[in-house]
Amino acid sequence: MPKEYALIDCNNFYASCERAFRPDLRGRPLVVLSNNDGCIIARSNEVKDLGVGMGTPYFKCKAQLERHGIAVFSSNYALYGDLSARVMRVLTRFCPHVEIYSIDEAFVDLSGIPGGATQFARRLRATVEQWTSIPVSIGIGPTKTLAKLTNKFAKQQPRCHGVFNLNTSPDPDRVLRWTEIGDIWGIGPRHAKRLRKLGVNNAFDFRSLKQDWVKKKMTITGLQTLLELRGLPCHGLEAGPVSKKTIVSSRSFGHPVTSQEHLLEATAQYATRAAEKLRKQRSVASHILVFLQTNKFRLGQPQYSNTVSIPLIVSTAHTPTLIKAAQAGMTRIYREGYAYKKCGVMLSGLEASNGRWLSLLDIPPDAHSRHTPIMEAVDACNARWGRDTVKFAASGINGSWRMRREMRSPRYTTTWDELLGVQT
DNA sequence: TCTGGGGTCCTAGGACCC
DNA sequence: TCTGGGGTCCTAGGACCC
């Protein structure tokens with residue numbers, strides 16, 4: 001019996017979230033923009049049909065969007081994160097094994113489910129939509145790669161009504177022929193271009209290539225994709241949340257930044273965010289990397305970018321220590337006379353905080369563990385009363401470097417002041 | 001004027017060691 | 001005229017994902 005992996009994928013997730021509390025937007029075209037209102041990162045079906053591409057800079061298509069009366073939103077991650085959690089809660093309630101793969105996707109194992117995977121998936125789809133108002137599509141196949149590709153088929157073929165099972169299909173090869181080479185999970189634009197030149201245009205063509213050739217040209221990961229398309233599972237379901245090996249916090253600035261003072265504020269802010277993520281997964285970091293860069297799209301302007309990695313004497317998750325190290329790094333790479341676009345910090349060398357290596361240097365063993373209670377208290381306050389209830393002065397108050405989000409919808413589900421009002 | 005953010009894995013090649 | 005061989009570790013860069 002083949003496995004029955006299902007991929008549950010929210011349709012146009014961010015766009016669907018914006019519609020969840022705005023029924024007037026159903027059937028109306030809408031887009032969601034990236035941070036700083038820079039690029040299009042989500043489109044409703046109507047906008048996809050107009051040919052507006054994913055990742056298009058907003059300023060390049062603004063006029064077209066206005067002409068067609070398209071609603072435009074800044075990204076509202078508080079809302080998307082909360083609705084995602086609701087969708088995932090429904091899945092974990094009904095499915096035995098769930099792997100949350102991204103904010104809008106989850107794999108589940110439906111092998112041997114009573115009544116059959118297809119019927120189960122249809123009920124699950126209806127329940128998710130009824131309980132969260134988020135529409136999803138479900139693709140089922142013997143491997144994760146085939147479930148992924150079947151999901152796209154289910155989403156785009158109206159006859160499927162959002163659910164398709166490759167395992168019970170009378171003609172599974174039809175789905176593979178339908179899948180363009182660049183739409184296969186694991187085959188990106190570079191490999192797709194090369195394969196097309198060789199006449200390999202869809203998943204069916206790719207599946208018949210020789211293993212040795214694929215491994216040579218596309219490494220072991222390409223070979224795994226090939227085997228998965230042949231129905232041999234190379235990727236299982238992750239058992240639980242996996243700890244990150246690196247943690248990054250970085251942002252483009254709302255406006256170009258020239259002063260060292262503002263860069264140091266931003267650096268402190270990103271170090272604070274990264275440290276929060278670090279503590280959330282109960283890790284400590286042994287290295288902190290800081291980088292900054294000018295705007296690479298401004299070809300006429302002087303360009304400069306640099307990176308510095310700083311080893312920490314003792315692995316830590318203590319925000320003030322990390323801020324200090326990050327700011328020291330930033331001071332080292334800052335050069336006067338440039339208009340900076342972006343900076344950020346990356347934490348690496350992560351280990352579980354309970355199994356930390358002790359430094360051989362002469363540091364009292366409790367030098368950092370004595371900081372643990374205070375950081376726990378800060379995290380608890382911010383969890384209870386909202387982000388930045390307790391913050392570090394080094395981040396400044398209202399620097400012009402903070403990002404722009406001029407068209408953000410209300411945080412309907414996570415902020416009291418922004419709850420949906422109902423008129424009586 | 002205006003071009004996102006955060007991750008993973010694999011490989012090649014250099015440094016270094018015996 | 002001659003200039004070993006093999007192993008490990010680290011880093012940079014490429015490719016991919018959402």
Side-chain angles (χ1 to χ4, degrees), chain A residues 7 9-10 12-14 31-42 53-63 65 72-77 80-81 84 99-107 144-145 148-149 151-152 181-195 214-225 234-235 238 241-256 270 273-274 276-278 281 286-287 289 291 293-301 307 309 311 339 341-350 400 403-407:
Chain A
L7 175 68
D9 187 320
C10 302
N12 310 326
F13 181 56
Y14 296 170
V31 299
V32 176
L33 305 179
S34 64
N35 286 334
N36 284 315
D37 298 337
C39 293
I40 308 249
I41 54 165
M54 178 77 169
T56 310
Y58 177 46
F59 73 92
K60 284 191 181 172
C61 60
K62 194 171 176 187
L65 298 182
V72 179
F73 290 93
S74 303
S75 37
N76 183 348
Y77 288 107
Y80 311 152
S84 170
E99 176 196 330
I100 297 173
Y101 177 68
S102 73
I103 194 166
D104 70 334
E105 286 170 77
F107 287 101
K144 288 167 101 176
T145 303
K148 203 61 178 159
L149 153 173
N151 181 288
K152 179 151 179 156
I181 187 74
D183 288 340
I184 301 169
W185 193 39
I187 298 186
R190 298 286 180 111
H191 286 316
K193 191 175 166 194
R194 201 158 125 196
L195 288 162
V214 171
K215 186 173 178 195
K216 199 169 148 207
K217 302 287 182 185
M218 302 172 65
T219 79
I220 189 82
T221 52
L223 178 60
Q224 286 171 343
T225 300
C234 299
H235 309 296
E238 292 290 350
V242 185
S243 285
K244 308 230 177 305
K245 297 170 180 171
T246 57
I247 289 173
V248 175
S249 176
S250 75
R251 291 279 182 285
S252 294
F253 302 128
H255 301 278
Y270 304 150
R273 287 281 172 269
E276 284 167 3
K277 294 185 202 173
L278 186 64
Q281 71 164 37
S286 70
H287 284 75
L289 177 141
F291 68 90
Q293 54 195 236
T294 50
N295 188 340
K296 58 179 190 275
F297 294 103
R298 294 279 155 275
L299 295 173
Q301 289 181 3
T307 301
S309 176
K341 175 66 183 167
K342 183 176 181 177
C343 77
V345 307
M346 180 166 100
L347 303 174
S348 61
L350 308 192
S400 62
M403 64 179 169
R404 296 190 307 270
R405 273 196 304 203
E406 282 157 15
M407 295 159 283

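In what follows, chains are A, B, ... by sequence order, proteins preceding strands, each numbered from 1. Keep in mind the model is a prediction, meaning the values are calculated, not measured.
A:F107 and A:W185 have tilted rings, their planes meeting at an angle from 30° to 60° on a 0 to 90° scale.
For the pair A:F291 CZ and B:dG7 P, the interatomic distance rounds to 11 Å; values are reported in whole Å. Protein atom OH of A:Y101 is 13 Å distant from nucleotide atom C1' of B:dG6, rounded to whole Å. Taking atom CG on A:N35 and atom C1' on B:dG6, their separation rounds to 11 Å, with Å as the unit. Summarising the geometry, the separation between CE on A:M346 and P on B:dG5 is reported as 16 Å, rounded to the nearest angstrom. Distance A:L350 CG to B:dG7 P: 10 Å, rounded to the nearest Å. A:E238 has its CD atom 17 Å from the P atom of C:dC17, to the nearest Å. Atom-to-atom, CD1 of A:I184 to C1' of C:dC16 comes out at 14 Å; the value is rounded to the nearest Å. Atom CG of A:L149 is separated from atom C1' of C:dC17 by 16 Å (rounded to the nearest Å).
When heavy atoms are screened at a 4.0 angstrom cut-off, A:K342 is found touching the sugar-phosphate backbone but no base atom. Contacts of A:K62 with the nucleic acid, taken as non-hydrogen atoms under 4.0 Å apart, are absent. Base contact: A:F297 has a heavy atom under 4.0 Å from a base atom. Within the 4.0 angstrom heavy-atom criterion, only backbone atoms of the sugar-phosphate kind lie near A:D104; the bases stay farther away. Using a 4.0 Å heavy-atom cutoff across all strands shown, A:L33 reaches no nucleic acid atom at all. Counting any heavy atom pair closer than 4.0 Å across all strands shown, A:K277 reaches sugar-phosphate atoms only and no base atom. Counting any heavy atom pair closer than 4.0 Å across all strands shown, A:K217 reaches no nucleic acid atom. Among the heavy atoms of the strands lying under 4.0 Å from A:R298 is at least one base atom, whether or not backbone atoms are also near. Nucleic acid contact class of A:T246 (heavy atoms, under 4.0 Å, all strands): sugar-phosphate only.
Taking the nucleotide of DNA chain B with the nearest heavy atom to each of A:I220 and A:Y58, the more 5' of the two is matched to A:Y58. In terms of position on DNA chain B, the residue among A:T219 and A:P256 whose nearest nucleotide sits closer to the 5' end is A:P256.
A donor-acceptor pair under 3.5 Å is absent between the side-chain atoms of A:T219 and the main chain of A:K215, judged by distance alone. One N or O on the side chain of A:N36 and one on the backbone of A:S252 form a donor-acceptor pair closer than 3.5 Å. With hydrogens and angles ignored, the 3.5 Å screen pairs a side-chain donor or acceptor of A:S74 with a backbone N or O of A:E406.
Across B:dC2, B:dG4, B:dG7, the shortest atom-to-atom separation from the side chain of A:I247 is found for B:dG7. Here B:dG6 is the nucleotide among C:dC17, B:dT8, B:dG6 with the atom lying nearest to any side-chain atom of A:S249. Checking C:dC17, B:dG5, B:dC2 against the side-chain heavy atoms of A:R251 singles out B:dG5 as nearest. For A:K244, the listed nucleotide lying nearest its side chain is B:dG7; candidates were B:dT3, C:dA15, B:dG7. Taking the side chain of A:T221 as heavy atoms from C-beta on, and the options B:dT3, C:dC16, B:dC10, the nearest nucleotide is B:dC10. Ranking B:dG6, B:dC9, B:dT3 by closeness to the A:F59 side chain, first place goes to B:dT3. Set against C:dA15, B:dC9, B:dG4, the side chain of A:S34 has B:dG4 as its closest nucleotide.
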Run the numbers on A:L299 and A:F297 for side chain to side chain contact (heavy atoms under 4.5 Å, CB included), then give the verdict.
CA-CA 6 Å; A:L299 295 173; A:F297 294 103; over 6 Å; no
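Taken from OG in A:S249 to CE in A:M346, the straight-line distance is 12.5 Å, to the nearest 0.5 Å.
The pairing partner recorded for B:dC18 is C:dG5, the criterion being a Watson-Crick or G-U wobble arrangement whose two distances lie under 3.5 angstrom.
Salt-bridge check for A:R405 with A:D37: failed, with every basic side-chain N at 4.0 Å or more from each acidic carboxylate O.
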